[in-house]
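Single-structure report; data block below.
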Amino acid sequence: MRRRETQVLDGGEVGAPDSAPMISFDHVGKRFFKKGKPFQALGDAHFDVRPGEFVSIVGPSGCGKSTLLNITAGLMKPSSGAVRYQGKPVAAVNTNVGYVTQADTLLPWRTVRQNVAIPLEIRHHPRAERAGLVDEMIEKVGLADFGGHYPAELSGGMRKRVILARTLIYRPETLLMDEPFGALDAQLKLVMQQELLRLWSDAGTTILFVTHDLAEAVTLSDRVVVVSSRPGTMRTIKTIDIPRPRDVFDVRFHDRFRELQQELWAILQDDMLEGGEM
Ligand SMILES: Nc1ncnc2c1ncn2[C@@H]1O[C@H](COP(=O)(O)OP(=O)(O)O)[C@@H](O)[C@H]1O
Ligand SMILES: [Mg+2]
């Protein structure tokens, strides 16, 4: 509900201007070892995500986007700098976030209902309440008639909806999403984006969203963080000053949409010509 109270202020600031950040990236870097040799995957991520904000990260393949989400989720430690969640350094698995990973899948031997119930089982949520919560969430993502179906009986878009329902069921205050609609065809992508905006604005969730699709980043976000190729270094943060609520189809005809997409592309293009890939 928080969304209705927030407004886009002059600088594109979302939420109360003095609101403490939900996530702070304080010069975060990550080094890995490949064949015994160190290499810097992520250079120096430095930005904040405010409560209720929708922030996207775009950048060439391999620039450390997934690594940054892994660190935020507490699944990996940074080699330098720190990630703070509500002011506290992320030191263990961050249970306040729901994480849709790049390779997220459903358990094929479980029905839609049984898949969506997994987080409740893991958290030992009272058994008596589970079925009601599961049905409510399945309805929210438009799959009310498919609770008894198995993943193999669903389309790609429906499977994405189930993953979304499974992530949202325990009402995480923050969602990390790693290219969640990457494999969908163009029309289905729009439908899922609209759905996500609706769920986001209803729940007041904070979202950190990774995509390689500039149109998707502009459509959804309050701000877009552009990261250069490896070692991923932040090039710029663009405020998306297109009014909300946005219709994912109509927003494409907004003058600012084309301008912003061009500005983002101009920044990314240099990198791609230097050999990075989207
Ligand atoms: N656990 C790991 N061990 C070693 N190298 C890794 C590991 N995770 C990612 N990398 C490497 O770090 C770089 C950044 O990876 P990633 O964060 O997945 O990039 P992106 O999501 O932007 O495509 C890539 O070169 C990748 O191969
Ligand atoms: Mg990735």
Side-chain angles (χ1 to χ4, degrees), residues 2-19 21-23 25 45-60 63 65 68 174-182 184-229 232-273 276 278:
R2 198 176 340 161
R3 170 76 13 204
R4 293 205 186 89
E5 292 150 27
T6 61
Q7 41 176 307
V8 177
L9 306 170
D10 274 343
E13 305 270 314
V14 171
D18 56 351
S19 63
M22 193 63 124
I23 312 170
F25 296 99
H46 190 73
F47 64 100
D48 285 348
V49 181
R50 294 182 278 260
E53 199 177 17
F54 198 126
V55 174
S56 291
I57 303 174
V58 297
C63 73
K65 303 180 297 294
L68 194 65
T174 296
L175 267 183
L176 309 176
M177 307 185 82
D178 199 350
E179 308 200 23
F181 310 140
L184 301 180
D185 68 57
Q187 291 83 285
L188 194 53
K189 205 179 217 193
L190 291 184
V191 173
M192 291 305 296
Q193 288 168 356
Q194 191 76 62
E195 202 87 326
L196 180 63
L197 282 182
R198 190 176 55 77
L199 293 165
W200 169 69
S201 87
D202 282 354
T205 315
T206 304
I207 300 188
L208 186 56
F209 189 96
V210 167
T211 178
H212 57 259
D213 178 343
L214 295 183
E216 179 166 69
V218 174
T219 299
L220 298 174
S221 314
D222 294 313
R223 289 187 300 153
V224 176
V225 179
V226 183
V227 183
S228 69
S229 53
T233 309
M234 283 177 47
R235 297 286 297 269
T236 194
I237 301 181
K238 259 263 163 266
T239 297
I240 307 302
D241 50 0
I242 300 175
R244 295 191 189 270
R246 297 179 196 157
D247 177 279
V248 300
F249 186 73
D250 293 343
V251 77
R252 278 150 203 264
F253 302 102
H254 200 287
D255 287 344
R256 283 298 284 150
F257 187 90
R258 276 214 346 254
E259 287 167 14
L260 285 160
Q261 213 182 334
Q262 276 167 353
E263 286 165 28
L264 289 171
W265 176 239
I267 299 163
L268 273 169
Q269 209 176 11
D270 298 344
D271 251 25
M272 315 241 332
L273 295 174
M278 287 297 272

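Nothing here was measured: the structure is a model prediction, and the numbers come from that model.
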Exercise. More than 12 non-hydrogen atoms from neighbouring residues, nucleotides or ligands closer than 6.0 Å to CG on Asp250, yes or no?
Worked result: yes
Seminar exercise, completed: Arg223 and Asp48 have their tightest heavy-atom pair at NH2-O, 2.6 Å
Exercise. Looking at OG of Ser56 and NE2 of His212, how far apart are the two atoms once the value is rounded to the nearest 0.5 Å?
Worked result: 12.5 Å
For this session: Working to the nearest 0.5 Å, report the span between CG of Leu268 and CD of Gln261.
Result: 11.0 Å
Exercise. Is the closest basic N to carboxylate O distance between Asp213 and Lys189 below 4.0 Å?
Worked result: yes
Exercise. Can you name the closest pair of heavy atoms from Asp222 and Gly52 and give their distance?
Worked result: OD2-O, 4.3 Å
For this session: Indicate yes or no: at least one non-hydrogen side-chain atom of Leu176 is less than 4.5 angstrom from one of Asp178.
Result: no
Exercise. Any side-chain heavy-atom pair from Met234 and Val225 closer than 4.5 angstrom?
Worked result: yes
Problem set entry | Phe25: ring pair (Phe, Tyr, Trp, His ring centres under 6.0 Å) partners, not counting sequence neighbours | Phe47
Seminar exercise, completed: d(Leu197 CG, Met192 CE) to nearest 0.5 Å is 11.5 Å
For this session: List the atom of Phe209, the atom of Glu216, and the distance in Å for their closest heavy-atom pair.
Result: CE2-OE1, 3.5 Å
For this session: Quick one: pull up CD1 in Ile57 and CG in Leu68 and give me the separation to the nearest 0.5 Å.
Result: 5.0 Å
Exercise. With Arg258, which residues qualify under side-chain contact (heavy atoms from CB on, under 4.5 Å), at least two apart?
Worked result: none
Problem set entry | Over all atoms of both residues, closest heavy-atom pair of Ile242 and His254 | CG2-CD2, 3.9 Å
For this session: Could you check if a side-chain atom of Ile207 sits within less than 4.5 angstrom of a side-chain atom of Leu196, using non-hydrogen atoms only?
Result: yes
For this session: Indicate yes or no for a side-chain donor-acceptor contact from Ser228 to the backbone of Thr233 under 3.5 Å, with no hydrogens or angles considered.
Result: yes
Exercise. What residues, two or more places apart in sequence or in another chain, satisfy salt bridge (Lys or Arg N to Asp or Glu O under 4.0 Å) together with Arg256?
Worked result: Asp241, Glu259, Glu263
Problem set entry | CG-CZ distance between Leu214 and Phe257, expressed to the nearest 0.5 angstrom | 9.0 Å
Seminar exercise, completed: Between the NZ atom in Lys65 and the CG atom in Leu208, the distance rounded to the nearest 0.5 Å is 12.5 Å
Problem set entry | Closest contact, heavy atoms only, Val227 versus Pro60 | O-CD, 3.2 Å
Problem set entry | Smallest separation among heavy atoms of Leu220 and Arg246, with atom names | C-NH1, 3.7 Å
